[in-house]
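We're numbering straight along the sequence, starting at 1.
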Amino acid sequence: MYKNYNYLRRRLMIPEYGRHIQEMIDSLLEIEDRDERTRQAKAVIAVMGNLNPLLRDTADFTHKLWDHLFIMSDFRLDVDSPYPLPTREDLEVKPDRLEYPQSDISHKHYGKNIVRMLNRLKYEKPEMVEHQLQDVVLYMRNKSMEYNQEHPTAEMIINDIKNLSEGAINLDGEWLKSVEMEHKTASSHQKSSKRVQRPQQRQTQTQKAARKNVQRHNTQK
């Protein structure tokens, strides 16, 4: 018993239309009379349009159907089309290759944004540089911790900033320690404030429960 499986058949050009439409287009290639072939092609176009009735009101819907007809015939169908015939070269045009910027990064775990920011800080005012360097130092410390799984020392941060800025920015060790101490105190203050809020929330919940118990006792009386 012969079993006609789909994987044994030839590949469909546009599978969305199904194999019956593909067989109808293949039968058009066997019609010798050009006028009759054109008339049958229009009938196939009508059937293809009925498969997607909601798209009939869209722009260039009929044009797309004729293009699909020629594509499914492997560009061998010779009929009178109301639209320009598509070519194989138009469909196989490859896009131009994009040129991505290639640049070496000495400290990849920091990224290019840190290098750009340090280069921009070379030309900023001193009071603006000190404020923005605080964010840069904290960001570099966090990224170094994520990449190396260890806290970088103050000397490492100072040397990295000096190297990335090409010697234009030299940090003071005392200033760097003060920035780190401010960050630690701010983070510890936030943690302590969260711990203080939790007992208060529990106290309010216990108060609500006590009020409900009092109300139930009064109603029972």
Side-chain angles (χ1 to χ4, degrees), residues 1-121 132 135-136 138-149 164 190 194 201:
M1 179 177 173
Y2 176 73
K3 297 181 180 180
N4 189 10
Y5 293 107
N6 281 334
Y7 74 90
L8 297 175
R9 303 176 182 179
R10 68 184 184 90
R11 185 178 65 86
L12 297 177
M13 296 293 182
I14 304 179
E16 288 78 5
Y17 289 104
R19 192 166 298 277
H20 294 293
I21 297 296
Q22 183 67 54
E23 292 176 355
M24 293 171 66
I25 296 174
D26 293 339
S27 64
L28 294 177
L29 299 175
E30 300 176 359
I31 300 176
E32 297 180 358
D33 188 6
R34 182 184 176 85
D35 295 335
E36 180 63 20
R37 188 166 58 244
T38 301
R39 190 178 68 82
Q40 295 294 336
K42 292 179 180 179
V44 174
I45 290 291
V47 176
M48 293 169 63
N50 291 332
L51 296 177
N52 296 310
L54 298 178
L55 300 178
R56 288 183 177 179
D57 297 333
T58 59
D60 299 334
F61 175 65
T62 307
H63 193 180
K64 292 179 182 178
L65 292 178
W66 279 97
D67 289 344
H68 292 170
L69 179 70
F70 287 107
I71 293 171
M72 295 175 69
S73 67
D74 197 16
F75 303 96
R76 294 181 298 161
L77 185 61
D78 184 16
V79 294
D80 296 330
S81 173
Y83 304 99
L85 301 180
T87 59
R88 194 185 303 274
E89 290 75 14
D90 296 336
L91 298 177
E92 295 179 355
V93 173
K94 296 182 179 180
D96 297 333
R97 185 179 181 84
L98 295 177
E99 296 181 1
Y100 291 95
Q102 300 293 334
S103 60
D104 296 331
I105 306 175
S106 58
H107 300 73
K108 293 183 178 181
H109 53 285
Y110 293 141
K112 292 184 179 180
N113 291 330
I114 290 295
V115 179
R116 296 190 185 100
M117 186 175 293
L118 292 175
N119 291 330
R120 185 173 58 83
L121 290 177
Q132 296 183 16
D135 298 332
V136 172
L138 297 176
Y139 179 81
M140 292 174 66
R141 178 172 288 278
N142 294 332
K143 288 300 177 182
S144 181
M145 178 62 189
E146 293 177 2
Y147 188 82
N148 299 319
Q149 300 299 319
L164 293 174
Q190 291 178 356
K194 291 180 180 179
Q201 292 177 357

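Within a 6.0 Å sphere centred on NZ of Lys42, heavy atoms belonging to other residues, nucleotides or ligands number 12 at most. Counting non-hydrogen atoms of neighbouring residues, nucleotides and ligands closer than 6.0 angstrom, the OH atom of Tyr83 exceeds 12 such neighbours.
For the pair Leu164 and Val115, the tightest heavy-atom approach, listed with the atom from each and the gap, is CD2-CG2, 4.0 Å. The two atoms that bring Met140 and Tyr110 nearest to each other are O-CE2, 3.4 Å, heavy atoms only.
Side chain of Asn52 to main chain of Met48: no donor-acceptor pair is present (N/O by atom type, distance under 3.5 Å, no hydrogens or angles). A donor-acceptor distance shorter than 3.5 angstrom exists from the side chain of Thr38 to the backbone of Arg34, with no hydrogens or angles considered.
In this structure, the separation between CD1 on Ile45 and CG on Asn50 is 11.5 Å, given to the nearest 0.5 Å. How far CG of Asn119 is from CD1 of Ile114: 11.0 Å, rounded to the nearest 0.5 Å.
With sequence neighbours left out, the side chain to side chain contact (heavy atoms under 4.5 Å, CB included) criterion links Glu23 to Arg19, His20. Residues satisfying the salt bridge (Lys or Arg N to Asp or Glu O under 4.0 Å) criterion with Asp26, sequence neighbours excluded, are Arg10.
Using a 4.5 Å cut-off on side-chain heavy atoms (C-beta onward), Glu146 and His109 make no contact. Using a 4.5 Å heavy-atom threshold, the side chains of Leu51 and Ile21 count as touching. When side chains are defined from C-beta on, Arg37 counts as touching Leu77, because their heavy atoms get closer than 4.5 Å.
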Side-chain donor-acceptor pairs under 3.5 Å in residues 66-75, sequence neighbours left out?
unit_1: His68; atom_1: ND1; unit_2: Tyr17; atom_2: OH; d: 2.7
unit_1: Ser73; atom_1: OG; unit_2: Leu69; atom_2: O; d: 3.4
unit_1: Ser73; atom_1: OG; unit_2: Phe70; atom_2: O; d: 2.8
unit_1: Asp74; atom_1: OD1; unit_2: Arg88; atom_2: NH1; d: 3.2
unit_1: Asp74; atom_1: OD1; unit_2: Arg88; atom_2: NH2; d: 3.0

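Side chains of Asn113 and Arg116: a donor on one and an acceptor on the other come within 3.5 Å.
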